[in-house]
Amino acid sequence: MTEHLPIVDGESAPFWESLAEQRLMLKWCTDCGRPHFYPRVFCPYCWSATEWRQAAGTGTVFATTTVRTIGLEPFHSRTPYNISIVELDEGPRMLTNVIDVDVDEVQIGLRVRLQAQLESGFWMPRFVPAGG
Amino acid sequence: MAERVVIVGAAASDSGYLPQRTPLELHVEAAARALADAGLQKDDIDGLFSTGDHRYGMMPPVVLCEYMGIHPRYVDGTNVGGGAWEFMVRHAVGALQSGLCSVALLSYGANSRTTMANSNGPGERFTPAGTPTAYEDPFGLTLPSRAALVASRHMHEFGTTSEHLAAVAVAMRTNAQHNPDAMYRKPITIDDVLSSRMITDPLHLLDCCVVSDGGGALVLTTESRARDVDRQPVFVLGTGEAIATETMAGWSEFGRMAAEQSGREAFAMAGLVPADIDTLQLYDAFTINVILQLEALGFCPLGEGGEFVADGKLAFDGALPTNTDGGALSSNHPGMRGIFLMIEAVRQLRGEAGVVQVPNARTALCNGTGGPFSSSGTVILGVA
């Protein structure tokens, strides 16, 4: 079952492909210098060109929930599972699953680090508690 | 000075679980009832403002014009989620005032309940992979979990509680008791909400809206044309619209919600402030959404929405009667509920709301939101 996985295009390929090496790539503006997420060819703040740089892969849980009800597979079989918005140390936020921890222990403020996980041949950028 | 624009017709189609009905027929049923309400004919329509979900394909206005057999000279198919209808009222005001059309129909129909009954339940993909949500949907993000993320943050920053959220659901059910078309009418308590099944923390089943089949329609025209119509005109006093983000990662935080921009502009246009509003119609897809809109529109200070609703003031007989039909939480939600906010506001302003009538209601504010906090349209209505 792979139809729930991202469709990769030219704009997003470096992001997804770097995850195989446990590297989180973000886009920075070559003019105003600000990073952003999700990755775009043009800076959303000033429309200048952007470039890929590696992020630290660490951040803090900004908002979080545990999904307990969903009809759609493969997610139904995973319930209960965490969904969090993680604020990366570089500033931008991204949506992810915090894994390898009891869902009830994921709280806002939890420090987390990237743990890309292989799923049906696709590396997904998930996070684990930084202390773990 | 531009001529004032009025709503002269407002009606809903049949509502509930209607497995034998199609979205298009519900659309026309609502439109026909709204036209009858206005005392106008099908051929009077020269402006169509309408859209639909993915079941209408890429060209909803084209599909609708063919099905309805109408040939408008002005068409608007703005689709920014469930609050698109508030955007369309604003657009209709511009088109009517500039003479690009003279009778504007807004109409809507959907059979989301039937579609859900025929699938494997809630949790259908909201947007396909390949859009920006390719960065979000593959993690198992559901529509309720988008609201839950925001609720978790509101609780963290402001101390909002599950009891506060539940108070919204209880007030909506209080209102729905008196609506024969509401899907759920049996009164509930705070404890009922808290003991209902957890869907996505902190949202319980009763923090989430119903899913229904149904449609709704509005007919708008200019004040001078309305003199020919045997119906008390409901004036559009002010409108505003704003766009935020599709992704949750891009969500802009409290204090910078789309509803702040749309509300500010609508109030400025109407020359009113929140204290002037007699009844509110808010988009209550989830209980937290009501608290966010109350704060963003200025009915209470930022962060105080939970405490604000705790005393039950949103019930029809409370200090701030809100969603007097029972809202999305108890009455109906076919997917793009914004049009029902204005249908209920018109009912209130005409004094036709029966048991839930707000005494001497002269002004109503409708705020439609779309997507996961993606867009907001505000419409302020009033009668002389």
Side-chain angles (χ1 to χ4, degrees), chain A residues 2-9 11-12 15-16 36-40 44 59 61-88 92-99 103-104 106-109 117 119-120 122-127, chain B residues 115-157 196-205 207-208 211 245-254 286 288 372-373:
Chain A
T2 57
E3 62 267 28
H4 67 287
L5 291 171
I7 293 172
V8 178
D9 54 24
E11 198 169 17
S12 64
F15 174 81
W16 298 111
H36 67 264
F37 192 89
Y38 57 95
R40 278 157 262 192
V61 173
F62 176 80
T64 191
T65 186
T66 301
V67 176
R68 299 182 191 272
T69 302
I70 177 170
L72 189 73
E73 290 293 0
F75 305 113
H76 174 71
S77 301
R78 296 176 189 170
T79 55
Y81 60 88
N82 172 270
I83 287 185
S84 291
I85 300 173
V86 167
E87 187 165 281
L88 300 171
R93 295 182 192 137
M94 62 181 287
L95 194 106
T96 186
N97 306 121
V98 176
I99 58 169
V103 288
D104 293 325
V106 182
Q107 304 286 339
I108 291 173
Q117 198 179 35
E119 177 180 340
S120 302
F122 201 95
W123 289 91
M124 289 291 291
R126 299 195 164 96
F127 284 73
Chain B
T115 305
M116 189 175 82
N118 293 336
S119 72
N120 64 347
E124 270 193 277
R125 290 287 281 277
F126 191 58
T127 40
T131 68
T133 53
Y135 291 95
E136 306 208 328
D137 284 350
F139 296 99
L141 184 66
T142 62
L143 196 49
S145 61
R146 294 168 202 260
L149 286 167
V150 174
S152 80
R153 191 69 204 175
H154 204 271
M155 289 174 155
H156 176 80
E157 285 191 35
S196 65
R197 186 160 53 97
M198 188 68 88
I199 301 296
T200 173
D201 307 36
L203 301 181
H204 300 81
L205 179 67
D207 286 302
C208 305
V211 180
T245 63
E246 184 184 28
T247 66
M248 290 309 298
W251 171 61
S252 64
E253 297 186 47
F254 310 116
F286 303 95
I288 182 66
F373 313 98

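Order of the sequence lines fixes the chain letters, A, B, ..., with proteins taken first and strands second; residue numbering starts at 1 for each chain.
- Here the straight-line distance linking atom CZ of F286(B) with atom CZ of R146(B) works out to 10.0 Å at 0.5 Å rounding.
- The side-chain contact (heavy atoms from CB on, under 4.5 Å) check on M124(A) picks up L5(A), P6(A), W16(A), E119(A), F122(A), R126(A), P138(B), F139(B), with sequence neighbours excluded.
- At a 4.5 Å heavy-atom cutoff, the contact between S145(B) and chain A is made by backbone and side-chain atoms alike.
- The two residues I199(B) and C208(B) make their nearest non-hydrogen contact at CG1-SG, 4.3 Å.
- Options P125(A), S12(A), P80(A) differ in how many heavy-atom pairs under 4.5 Å they form with chain B, and the most are formed by P125(A).
- For T79(A), no part sits under 4.5 Å from any heavy atom of chain B, backbone or side chain.
- Contact count against chain A (heavy-atom pairs under 4.5 Å) is highest for G140(B) among G140(B), A249(B), P144(B).
- P44(A) does not touch chain B: none of its heavy atoms, backbone or side chain, sits under 4.5 Å away.
- Here F62(A) is the residue among Y38(A), F62(A), F37(A) with the most heavy-atom pairs under 4.5 Å with chain B.
- The salt bridge (Lys or Arg N to Asp or Glu O under 4.0 Å) search around R153(B) returns E157(B), not counting sequence neighbours.
- Rounded to the nearest 0.5 Å, atoms CG (N97(A)) and OG1 (T66(A)) are 10.5 Å apart.
- Note on I85(A), V8(A), N82(A): by heavy-atom pairs under 4.5 Å with chain B, the leading option is I85(A).
- With S152(B) contributing its side chain and T64(A) its backbone, the two residues share a donor-acceptor pair below 3.5 Å.
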